[in-house]
Novice: 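Please see the structure below; I have some questions.
Excluded from the calculations below are hydrogen atoms, water molecules and symmetry mates; all remaining heavy atoms, backbone and side chain alike, are included. If you read the sequence from its start, that first residue is 1, and numbering goes on from there.
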Amino acid sequence: MKDVLILGFMAGIFISLGDLFMMTTAVGTKEFLGPGVAALIGGISFSVGLLLVVYYGAQLFTSNVLAAVPWGAKRLTFKDMMFNWILVYIANFAGSLFFAWFTIKTGLTFKNEAWIANHFIAAGTAKTNLDFLAALLSGIGTNILVCMAVYMAVAAEDGAGKVLSIMMPVAAFVAIGFEHSIANMYIIPSGIMHLQYYLDGGMGLAEVAHLTHVSVEALKNLNWYGFLVTNEIPVTIGNIIGGALFVGWLNWICHGRDTHSDKTIQNRHDKTARMGSKAQDAKHHQERQLDELVS
């Protein structure tokens, strides 16, 4: 359990680093290069976070939802799966909150006319004003792409392949504007902390709203209730559905059920003949990696 907590804590920090890198590289580019290019730059930058998670061997909730596959195959109990999810989720939250505090204490976000600080507030405000269905569906979209990035990285046979396999799907979900529960554990609290910094410095809500180009009414929702209830709950549910159902279970139903039956062995033999043993070996390696997620 200690290892899972440490690796989960580090995953929260790594995703937060990706968030901060995204904010740093994307802020200010929209006015010069357009919103699409700015979103792409931010997405590629954010992918560094998941790359760090994968190469460190950290425990990230949004990829650990793939543990639903060994549970469905009766290789893992529901109790053990839920225990892992809850433990990793809490550890990711702790790492993200720590790095949010760490970030504001460095003062780096207040450089360059506080562009990054203001962007945290604007981004957090937008996220805490989503309706439930929009946040839920956005969470589904995110984890379809994130879990496919994990699958693709597992199948890749060299470092460059792993990097590209992770970078492009992750850049896609960020550029599209989907919601990631663990990334939001850093972005929204950072927005709340920066807002409080301004308020403690004597600024009013109207001044902060003008500075960050959001409405006063929307800014009022940038608080812990808006973070946990309005955003985190529906986005987390969406992340589970996107990863466990759309990527994990549906893939397992089509390619991985009854893996020890004679019929499946014959089908795999036929597939190997058609597709080549190299691709099939990558598939088997992927299945082993799923088992290792919760080991």
Novice: May I have the list of side-chain donor-acceptor pairs in residues 1-12 shorter than 3.5 Å, sequence neighbours left out?
Specialist:
none

Novice: Pairs under 3.5 angstrom only: tabulate donor-acceptor contacts from the side chains of residues 202-215 to other protein residues two or more places apart or in another chain.
Specialist:
unit_1, atom_1, unit_2, atom_2, d
Glu207, OE1, Gly204, N, 2.9
Thr212, OG1, Val208, O, 2.7
Ser215, OG, Ala218, N, 3.1

Novice: Can you pull the salt bridge (Lys or Arg N to Asp or Glu O under 4.0 Å) pairs that have at least one residue in residues 8-26, sequence neighbours excluded?
Specialist: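 Of all non-adjacent pairs touching residues 8-26, none passes salt bridge (Lys or Arg N to Asp or Glu O under 4.0 Å).
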
Novice: Filter on salt bridge (Lys or Arg N to Asp or Glu O under 4.0 Å), then keep only pairs touching residues 216-228, sequence neighbours left out; what's left?
Specialist: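 Passing the test, one end in residues 216-228: Glu217-Lys220.
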
Novice: Holding to side chain to side chain contact (heavy atoms under 4.5 Å, CB included), I want the full list of residues that pass it with Ala123, two or more places apart in sequence or in another chain.
Specialist: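 If we apply the side chain to side chain contact (heavy atoms under 4.5 Å, CB included) test to Ala123, skipping adjacent residues, the hits are Met23, Ile187.
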
Novice: For Tyr198, which residues count as a ring pair (Phe, Tyr, Trp, His ring centres under 6.0 Å) partner, sequence neighbours excluded?
Specialist: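 Partners of Tyr198 by the ring pair (Phe, Tyr, Trp, His ring centres under 6.0 Å) criterion come out as none, since no residue qualifies.
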
Novice: What pairs with Trp71 under ring pair (Phe, Tyr, Trp, His ring centres under 6.0 Å), at least two apart in sequence or on another chain?
Specialist: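 For Trp71, the residues satisfying ring pair (Phe, Tyr, Trp, His ring centres under 6.0 Å) (neighbours in sequence not counted) are Phe78, Trp249.
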
Novice: Would you list the pairs meeting salt bridge (Lys or Arg N to Asp or Glu O under 4.0 Å) in which at least one residue belongs to residues 105-130, sequence neighbours left out?
Specialist: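 Salt bridge (Lys or Arg N to Asp or Glu O under 4.0 Å) check on residues 105-130 returns Lys127-Glu179.
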
Novice: Ignoring hydrogens and angles, tell me if any N or O in the side chain of Asp131 forms a donor-acceptor pair with the backbone of Leu133 under 3.5 Å.
Specialist: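 Checking the backbone N and O of Leu133 against the side chain of Asp131, a donor-acceptor pair under 3.5 Å is found.
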
Novice: Would you give me the side-chain donor-acceptor pairs under 3.5 Å for residues 97-104, sequence neighbours excluded?
Specialist:
unit_1, atom_1, unit_2, atom_2, d
Thr103, OG1, Phe99, O, 2.7
Thr103, OG1, Tyr186, OH, 2.8

Novice: Once rounded to the nearest 0.5 Å, what's the spacing between atom CD1 of Ile188 and atom CG of Leu222?
Specialist: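 Atom-to-atom, Ile188:CD1 and Leu222:CG are 8.0 Å apart.
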
Novice: Any chance the side chains of Asp80 and Thr77 put a donor and an acceptor closer than 3.5 Å?
Specialist: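 Yes, side-chain donor-acceptor contact under 3.5 Å.
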
Novice: Suppose we screen for ring pair (Phe, Tyr, Trp, His ring centres under 6.0 Å). Which residues come up paired with Phe83, at least two apart in sequence or across chains?
Specialist: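 Once residues adjacent in sequence are excluded, Phe83 has no partner under the ring pair (Phe, Tyr, Trp, His ring centres under 6.0 Å) criterion.
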
Novice: Which heavy-atom pair separates Gly159 from Tyr55 by the least distance, and what is that distance?
Specialist: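 Where Gly159 meets Tyr55 most closely, the heavy atoms are O-OH, 3.4 Å.
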
Novice: Just by distance, do the side chain of Asn92 and the backbone of Gln59 share a donor-acceptor pair under 3.5 Å?
Specialist: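 Yes; judged by distance alone, with no hydrogens or angles, the pair exists.
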
Novice: I'd like to know if the side chain of His194 and the backbone of Ser190 have a donor-acceptor N/O pair within less than 3.5 Å.
Specialist: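 Pair found, side chain donor or acceptor close to backbone of Ser190.
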
Novice: Ignoring hydrogens and angles, tell me if any N or O in the side chain of Asn143 forms a donor-acceptor pair with the backbone of Gly242 under 3.5 Å.
Specialist: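 Pair absent, no side-chain N/O of Asn143 close to backbone of Gly242.
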
Novice: Would Tyr151 and Ser165 count as having a side-chain donor-acceptor pair, cut-off 3.5 Å?
Specialist: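 Checked: Tyr151/Ser165 side chains show no N/O donor-acceptor pair below 3.5 Å.
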
Novice: I'd like to know if the side chain of Asn118 reaches the main chain of Ala114, judged simply by a donor and an acceptor atom lying under 3.5 Å from each other, with no hydrogens or angles considered.
Specialist: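 Between the backbone of Ala114 and the side chain of Asn118 there is a qualifying donor-acceptor contact (under 3.5 Å).
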
Novice: Pairs of donor and acceptor atoms involving the side chains of residues 34-42, under 3.5 Å and at least two apart or interchain, shall be tabulated with distances.
Specialist:
none

Novice: With sequence neighbours left out, which residue pairs that include part of residues 17-48 fulfil the ring-ring contact (aromatic ring centres under 6.0 Å, His included) condition?
Specialist: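 Non-adjacent pairs meeting ring-ring contact (aromatic ring centres under 6.0 Å, His included): Phe46-Phe173.
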
